[in-house]
There are 2 protein chains.
Amino acid sequence: MNSNEELKNLLDFDLLSKLVVGIGEVSEITGVPTRQIRYWEEKGIIHSSQEAEGTTRKYDYLNVKKIILVKELLDDGYTLDAAAKKVGDRMKLINEAFAKLAQRSE
Amino acid sequence: MNSNEELKNLLDFDLLSKLVVGIGEVSEITGVPTRQIRYWEEKGIIHSSQEAEGTTRKYDYLNVKKIILVKELLDDGYTLDAAAKKVGDRMKLINEAFAKLAQRSE
DNA sequence: CATCGATTGTAATTAAGTTGCAATCTCAGA
DNA sequence: TCTGAGATTGCAACTTAATTACAATCGATG
């Protein structure tokens, strides 16, 4: 049994993907003000799942992770666009790894 | 490098533990009506993190997992109390495994 | 000092969640 | 069939959380 299988037994990836939190929670977790999160979203850097206009935005694990990474780079002196690009590249890898793990859990 | 270390590199357990969702979300995920979730909580079977009276309940991964398991047993014919006990035992193991994984991530 | 990127403030509105009280539903046993 | 305990549900009145739109601010750079 390889490590991924062990992992799948412990962690329910299907559930993980459904754990979507509100913007207030994201703000508390990341330290980024809600206003700023919405701004990044306006700019197309973050993509929450918002069913329709006027309904509340929801953020999954990967969304929150991305916000954390962007914030780290901003704090480090990057411009928003540069940070977004850099994080985008890294998120690709994380997304792929997750996709693999989530595969057989359906 | 063992599987747990690989896992830690991929999954941010600190973040996972902070992903707490509202009761409406839990209801959608699990198929258990919000009213019923509150009832189970009243009975002491579920323990959401509710800062104070009147504020909204929040449920983390393990809470939601527990609700899913309880529901499965109920659907299978168990009484609520019996299901709660059975699930409680299983959650102990899951909790321990998570505690181990969450350790060095701080 | 004007411009641009980045962020922030706020009012008015809607969505989501809370409690408490009471009603209902199920079903095993007298 | 009646009944009582366990389990669930309905709902009104209320509070908290989140939404949008418009405008203001703030710092760095040419």
Side-chain angles (χ1 to χ4, degrees), chain A residues 18-64 66-88, chain B residues 18-64 66-88:
Chain A
K18 290 178 182 160
L19 276 192
V20 290
V21 309
I23 197 169
E25 202 56 48
V26 177
S27 178
E28 277 194 23
I29 293 172
T30 63
V32 180
T34 61
R35 193 66 186 74
Q36 193 170 11
I37 295 170
R38 287 195 202 94
Y39 172 69
W40 292 357
E41 196 153 352
E42 238 173 64
K43 303 264 319 185
I45 292 169
I46 298 297
H47 305 276
S48 71
S49 57
Q50 190 183 29
E51 304 281 332
E53 287 257 310
T55 62
T56 64
R57 291 166 172 80
K58 298 293 173 58
Y59 302 83
D60 63 14
Y61 174 90
L62 292 170
N63 284 143
V64 179
K66 184 166 185 180
I67 292 172
I68 290 172
L69 294 177
V70 169
K71 180 185 165 54
E72 281 177 7
L73 292 188
L74 281 192
D75 289 349
D76 204 38
Y78 284 81
T79 66
L80 183 55
D81 286 342
K85 175 161 184 357
K86 212 173 169 67
V87 168
Chain B
K18 289 177 183 161
L19 277 193
V20 289
V21 309
I23 196 169
E25 203 55 46
V26 176
S27 178
E28 276 194 25
I29 294 171
T30 63
V32 180
T34 61
R35 193 66 187 72
Q36 191 170 13
I37 295 170
R38 289 195 200 94
Y39 171 70
W40 291 358
E41 195 153 352
E42 238 174 63
K43 303 263 320 185
I45 292 169
I46 298 297
H47 305 276
S48 73
S49 58
Q50 191 184 29
E51 304 281 332
E53 288 255 311
T55 63
T56 65
R57 292 166 172 80
K58 298 292 174 58
Y59 301 83
D60 62 14
Y61 175 91
L62 292 171
N63 285 142
V64 179
K66 184 167 185 179
I67 291 172
I68 291 173
L69 294 177
V70 169
K71 179 186 166 51
E72 281 176 7
L73 293 188
L74 281 193
D75 289 348
D76 204 38
Y78 284 80
T79 66
L80 183 55
D81 285 343
K85 177 163 183 356
K86 210 171 169 70
V87 169

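Numbered from 1 within each chain, the chains take letters A, B, ... in sequence-line order. Just so we're clear, the structure is a prediction, and the values are computed from it rather than from any experiment. Basis for what follows: all heavy atoms, side chains included, without hydrogens, waters or symmetry-related copies.
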Checklist line | Nucleotide interval of DNA chain D bounded by contacts with chain A (heavy-atom cut-off, under 4.0 Å) | finding: dA18(D) to dC22(D)
Next item on the list: Nearest whole angstrom, please: distance from the P of dG17(C) to the CD of E53(B).
Entry: 18 Å
Margin query: Side chain of Q50(B) only, heavy atoms from C-beta on: which candidate in dA6(C), dT10(C), dT18(C) is closest?
Written below: dT18(C)
Item checked: Touch class at under 4.0 angstrom, heavy-atom based, for I37(A) against every strand present -> nothing
Next item on the list: Classify the nucleic acid contact of T55(A) as base, sugar-phosphate or nothing, counting any heavy atom under 4.0 Å across all strands shown.
Entry: sugar-phosphate
Notebook entry, point to check: Is a salt bridge present between K85(B) and D81(B), judged by a nitrogen-to-oxygen distance below 4.0 Å?
Noted result: no
Check: Separation of I23(A) atom CD1 from dT14(C) atom C1', in whole Å?
Finding: 16 Å
Next item on the list: Hey, which sits more toward the 5' end of DNA chain C by its nearest nucleotide, L74(A) or G54(A)?
Entry: L74(A)
Margin query: Please identify which of these residues, H47(A), E41(A), K66(A), meets the side chain to side chain contact (heavy atoms under 4.5 Å, CB included) condition with Y59(A).
Written below: E41(A)
Next item on the list: Using a 4.0 Å heavy-atom cut-off across all strands, classify T34(B) as base, sugar-phosphate, or nothing.
Entry: nothing
Check: Rounded to whole angstrom units, what separation is found between the CD atom of E25(B) and the C1' atom of dA15(C)?
Finding: 13 Å
Next item on the list: With the side chain counted from C-beta on, respond yes when D76(A) and E72(A) share a heavy-atom pair under 4.5 Å apart, and no when they do not.
Entry: no
Next item on the list: Kindly determine whether V21(A) and N63(A) satisfy side-chain contact (heavy atoms from CB on, under 4.5 Å), including the steps that lead there.
Entry: CA-CA 10 Å; V21(A) 309; N63(A) 284 143; over 6 Å; no
Next item on the list: Can you measure from CD (Q50(A)) to CZ (R38(A)) and round to the nearest 0.5 angstrom?
Entry: 9.5 Å
Check: Taking the side chain as C-beta and beyond, is there a heavy-atom pair between L74(A) and W40(A) under 4.5 Å?
Finding: yes
Item checked: Separation of atom CZ in R35(B) from atom C1' in dG17(C), rounded to whole Å -> 13 Å
Check: Quick one: E42(A) CD to dT7(C) C1', roughly how many Å, whole number?
Finding: 11 Å
Notebook entry, point to check: Are any of Q36(A)'s side-chain N or O atoms less than 4.0 Å away from OP1 or OP2 of dT8(C)?
Noted result: yes
Item checked: Heavy-atom side-chain proximity of L19(A) to D60(B) below 4.5 angstrom -> no
Next item on the list: Identify whether any heavy atom of R38(B) sits under 4.0 Å from a base atom; if not, whether one sits that close to sugar-phosphate; answer base, sugar-phosphate or nothing.
Entry: base
Check: Expressed in angstrom and rounded to an integer, what is the separation of Y39(A) atom OH from dA6(C) atom C1'?
Finding: 4 Å
Next item on the list: Name the closest nucleotide to the T56(A) side chain, picking from dA15(C), dT7(C), dT18(C).
Entry: dA15(C)
Notebook entry, point to check: Can you tell me how far C1' of dA6(C) sits from CG of D75(A), to the nearest Å?
Noted result: 14 Å
Notebook entry, point to check: Hey, does I45(A) reach any base, or is it just sugar-phosphate, or nothing, if we go heavy atoms under 4.0 Å?
Noted result: nothing
Next item on the list: Grab the CD-C1' distance between E51(A) and dA16(C) for me, whole Å please.
Entry: 14 Å
